[in-house]
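A quick write-up on the structure given underneath.
Because only heavy atoms are used, hydrogens play no part in the values below, and waters and symmetry mates are left out as well, while side chains stay in. Below, read A as the first sequence line, B as the second, and so on, with proteins coming before strands; counting in each chain starts at 1.
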Amino acid sequence: MRIIRSVIPAALLSVSVSCSGDLKGGAPPEVSEASAARVRRLTRAEFDNSIYVVAKNPKPVPMAQLLAPEDAILGFTTHDRLQVTSLLADQLDGIAERNWGPIATANLTSDWECAAGKKEEDCARDFIRGLVERAYRRPSTPEDEADLLQLWSSVRKEFDPKTAAQYVIQAVMTSASFLYRTELGEPGAKGNQVVRLTQHEIASVLSYAVTGGPPDAELLAAASRGELNSPDNREAHARRLLKTASSQAYLQRFVVEWLGLTGLANMNKNNQVFPNFGEPWKDSSRAETTAFIAHVINDQEASIKELLSADYTFADGRMSFFYGTETTPDGRIGRVKLPASRVGILTHASLLATYSLFDSSSPIRRGKFVLTRLLCREVPPPPPTIPIIPPAVTSDSTTRARFAAHTNNPACASCHRQLDPIGFGMEDYDGVGKLRETENGLPVDASGSLEHADGVFTFTGGAALARFLASSPDVADCVPLQLFRYVMGRDEESVDAPMLADMRSRFRGDERLKLGDALVGLVRSPYFVHRRIPSPE
Amino acid sequence: MLRELSRRSLLKALAGSTAALPLANLLGTTDAYAQATTPPLRFIALFTSHGCLPEYWNPQGSESSFTLDFENSMLSPLQDLRSKLLILDGLDYQVLYERGLTGHEGGPVTFLTGSKVNTASGDDLPESASLDQVLAQSIGGATKFRSLQLNAWEQFGGQHVYNSISFTANGSRVPFERDPAGVFSRLFGSVPTTPGTDPGEVTRNNSRKKSVLDYLIKDATRLRDRLAGAERQKLETHLESLRDIERRLDTLGLGTPPRVAAKGGVSGMQEEGEAGCAAGTPPPAYDVGQLGNLNNMPTLTKLHMDLIARAFACDLTRVVTMTIPGPSMPWIGITEDTHNDLAHRLDVTAEPLRTEIRTKMVKVHRWYAEQVAYLMNQLAAIPEGSGTALDNTLILWGNELGDASGHMNVRVPTVLAGGAGGKFRMGRFLRLRPGTDPLGNWGGPGTPLPGAIAHNKLLVSIAQAFGVNVNTFGHPDFKGPLPGLT
C-alpha cells in the first residue's frame, strides 16, 4: 500500500505552560509506537449529529447538507484533512446565527434563566459548564469558563440575559473546540512521546467511530469514572451503540461511500442507447439499492456476506420488470426474489450503471472497481503517454471487442491484463445493468478471470463473479481495511498493522462478516487509544 | 519572494497586528491606500472543459489584426470585444508531461496551480496553492472577501476535477458555492436592506459579533498552540477564516476609500458611493434539486456572473474563480454527452457524422464564449474612474485539454480578457510557438518536453501583474514570466 504523508515540516511543538507535571489518568502507555496525534474537523454528517445534542433538541435536523461539501480521499469524505475554510466559516456563522442559535436558546431556557435570589454569574457559569460539556465532549476548563463568562458579560452590558445566552451558544457552536475532535492526550507531552488519549477523548473517538456522533451520557459517565482504558468496557459500549439508529445510518454511509454509490442521483445515460433510462428509472434503481443497504445494515446485523450474496432485493414494479422477476402485489417497493442471473449488491442495476459510461458498459471501470474497492488492490493511473480515450461506440461490434484493442497495446497491457478480464466477465450486463445476451446483434462474450491470492478464478457472467467475491477471503480482508479508512479518516500505516489484524480476525471470525465485529476489533486495540506526539523539527 | 517567505511567518505578521497589515506590503505590492485613488485590479479565472478544435478556436489574421468572424469560429461571440482580448496559442501544461499525469484529471489541477498532480491520496490533487488563493492572500485583505469560488453547475459531485480549480497551500480543494442566492446573502446579507435601519443598532450588533469572534479566536489559538506541523496548519487556516470575518466587521477595512472610513460607519454599498454599486434584486432561491437540474445551468451561469459584477462594483472582492462544466447542453440542442460523444469523437472520419460532431462541438464552445462575452459586458457596464470595471479586470479563461480529439494537455486554449489595468497589451492574438509540436520530440513520461511553453510562466506573469513578486509559480522547474504579454 502506498503511504504518502504530506511532510510539512513541524513547527516547534509548543509545550503547554500548565505545569500539572504528571499525566492525569496516570497509567503508562501500553504501546511503544502509535499513529500521530491529530485533530479532526467534524464532517457535515457529524456536525448534524453533534449540534442537536448541544442544543438539547429532541432529534437531529439535517442542515449541514447546505454547507460546503467535503472532498473524498480514498473514496471517503470522512478524511482527516478537512479544514474550516473561509466559506465554511461564513456558512457555520450563518447557521448558528439564523438556525441553531435561536433553536438552542429556546430549548435551553431553563438552563440559562436565573432563579430569583441567585447570583447571575453563578447561573451563567452553570449554564456555560453544561453547554461546554455537551459541545466540547469533555468537562469545561477554567479558561473556557472565564472566556465565555467574559463574552456573557460583554453582551449583558447592553442586552438581556436571553441575548447573552444566544451569543454564548453561537460562540460555542462555531468554536474550534466544537468543530474539531482532538486526539492529543493530556497537554504537556513531549515530542515523540507516545501518549494515551484522555478518557473523554477515548469516549469521543469511540463514539464517532461507531455512530458518527458524539458520546452519549453513558459513555461520558464512563469517561468520568476512568473506565475506558479497559478493552472490555470499550467493547461493551461499542456493542451497545451498534444497535442505535445513528450507528446504522453511519454504517449505511460507509457502504455507499465504499462502493462508490454517492452519485446515483446525478447519473446520466444516453437514453437513445438505453431506452429504460430516465428520471423514473434512476429513482427506482436508487431506491432499490438504498432500501437493500438499509435492510442489510439494520436487519441483517450489517453482514457483508448478506450484502454480497443475497438472493433477494427490494424492488418496485419498474425494477421487478427490469430484472424480469416477481413483483410486489401493489407494485410498490418491497422484497422480491432475484433471478439466478443476479446476486447481491454487485449485480444491482444502480451499481453496474455507475461503473459504466454514458452510452456503453465499461469493462475498465468495472474491473477497477472490483480491484480497488473489493480487493483493496492498487491500480496505478495510466502512463502519461497514453491518452485516456475510451474507444468510440460503434454499431457493428461489441464493447468487449472495442475495449480488447488496448489490452493488446504493450504499453497498456501490464495493467489492463489484470483489469479487463474482470470487467469482460461482467459484459452480460449493459451500461445500465440490464442483462443481455447480444450486443449490436452479436453474441456477448462474458467470459472473464480474476487473479486472487490463491490463483486465478475463471468465470462467465457478473453473477458468477459476485458469488465468488461473496465468499472470497481477499474481500473479507479488504472490507475491514476500507472500514478502517472510513472510520480513521486516513490511509493505513505500518503502525496500524496490529489494529488491522484485530479488525480482520474479528470480522472473519463470523462467517456472516459483520461490520460491527470489525469495529469491535478496532476499538479494543490499544493502538486505538494511543497517539504519538509529533517530534519538533 | 513569496516562496522564500514561509506561510507561517506571513501569518504571524498578520496575526501580530489588529489592523491586519496587508500582506501586499510584505510582498512588495502597491500600497493599499494608493489603490483607493486608482481603481483596483481584479482577477477572474474561468474554467470550461473538453478541449477544442484548434483550427476553429484560434482567430484568423495577424497578431494585432485578427478576426473571430469566420465559419465555425468558436470565439465568434467575442468578435466585438477583440480589443479586450489577448488570445494565446501554444500554451502547454508542460509540468504534466515532465512530472507525471496528463489527461483530463491533470488539467484542472494544474490550470491555476502550475503543480504536478499528486495521486497519493487516491484523489488528484496539486502540491501547492492556486493563483487565486495566492492573489487572495496578497490583495484580498483589502476587501470583505479575499476571494469567491463559484460553480455554475456541479458535475459528477463536488470533488470532481471539473468543478474545482482552487486549492489551498496544502493541496486541499477550496470549496465552491453553486447557489447564487447563497452567494448573494453572503455578499450582501449583512447590509441593512431597509433604508431606515438604525445605525446604532447595526453598531451594537457588530460589537456583539466582535465579542463572539474574540472568543473564537482565543479558543482556536489555544488549540493551535497544542499542535505542530500539518495539524497546526489546519488551525492556522481556521484562524485565517475567523480573521476574515473580523476584518469584515471592522469598519476600518483597508480597501475602503478614506472618505467612508469614518468610525462607526456601516460598511456597505449604500455608503461606498461607487456609481455602479448596488446589491440589486436577490437571485431566486433554488432548492438542491433545481440546482442539480442541468436545464437551469444557463440561468445559474448568468446569475453568478451578475453577482461577480455586483461584487466588483461594490469592491467586496477582487478575486473570483468560476467553473462552468457542461455534460450536455440541451438548451442549444446538444443532448449528447459533450465529453464522450463529441470531444472523444472529433477524429471520426466518416461523413456526414464527422461534420455533425464537429459542428456540435463548435456550438458548445460558442455557448461558452457567449458566457465570457456576457461577463465582460456586465463589467463594461460599471463605470469606474475614466473607464469601466472591465478595464481593471483580468479574466483568465482556460481549459483542461488542447486539441480535444487527441486529449492532450498541449496547446491549451487560453484567453486573457479585460483591460487588465494596462498590465498587459490586449487586443492581440499571440502565437507562442508557431508551427511547433513539442510532443513530436518527447521521449515519454518524466523526460523533457522540448520546445513547450510552460503555463507556469503565464501564472508568474499574472502574479507579477498583481504585484506578487515571484519568479516561479507552482512547480519550481519553470522559471520566469511569459514574454510578450506586456
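Contact check for A:Gln83 versus B:His238: no side-chain heavy atoms found under the 4.5 Å cut-off. At least one side-chain heavy atom of B:Ile245 sits less than 4.5 Å from a side-chain heavy atom of A:Asp90. The closest side-chain heavy-atom distance from B:Leu223 to A:Leu184 is below 4.5 Å. Looking at heavy atoms from C-beta onward, B:Ser211 lies out of side-chain contact with A:Tyr167 at the 4.5 angstrom threshold. Side chains of A:Pro187 and B:Arg226 form a contact here, defined as non-hydrogen atoms less than 4.5 Å apart. Annotation: side chain of B:Ser241 is not in contact with side chain of A:Leu88 (no heavy-atom distance under 4.5 Å). Counting heavy atoms from C-beta outward, B:Arg222 and A:Asp144 have side chains that approach closer than 4.5 Å.
For a residue to count as touching a neighbouring chain, one of its non-hydrogen atoms must lie under 4.5 Å from one of that chain's; by this rule B:Leu242 does not touch chain A. At a 4.5 Å heavy-atom cutoff, the contact between B:Thr335 and chain A is made by backbone atoms alone. Heavy atoms closer than 4.5 Å to chain A are found nowhere in B:Arg178, neither backbone nor side chain. Using a 4.5 Å cut-off between heavy atoms, A:Thr163 touches chain B through its side chain atoms alone. Proximity to chain B is limited to the side chain of A:Leu151, based on heavy atoms less than 4.5 angstrom apart. Interface remark: B:Glu127 contributes no atoms to any contact with chain A (heavy atom separation under 4.5 Å). With a 4.5 Å cut-off on non-hydrogen atoms, A:Phe178 does not touch chain B at all. Contacts of B:Lys234 with chain A are made by both backbone and side-chain atoms, with heavy-atom separations under 4.5 Å.
Between A:Lys269 and B:Asp337 there is no salt bridge, since no side-chain nitrogen of the basic residue lies less than 4.0 Å from a carboxylate oxygen of the acidic one.
Contact count versus chain A (heavy atoms, under 4.5 Å) is highest, among B:Leu235, B:Leu125, B:Leu294, B:Leu239, for B:Leu235.
Not one N or O on the side chain of B:Asp219 forms a donor-acceptor pair closer than 3.5 Å with the backbone of A:Ser175.
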**Item:** Candidate pair A:Glu158 and B:Arg208, rule salt bridge (Lys or Arg N to Asp or Glu O under 4.0 Å), full reasoning
**Value:** CA-CA 9 Å; A:Glu158 292 193 66; B:Arg208 275 180 293 178; over 6 Å; no
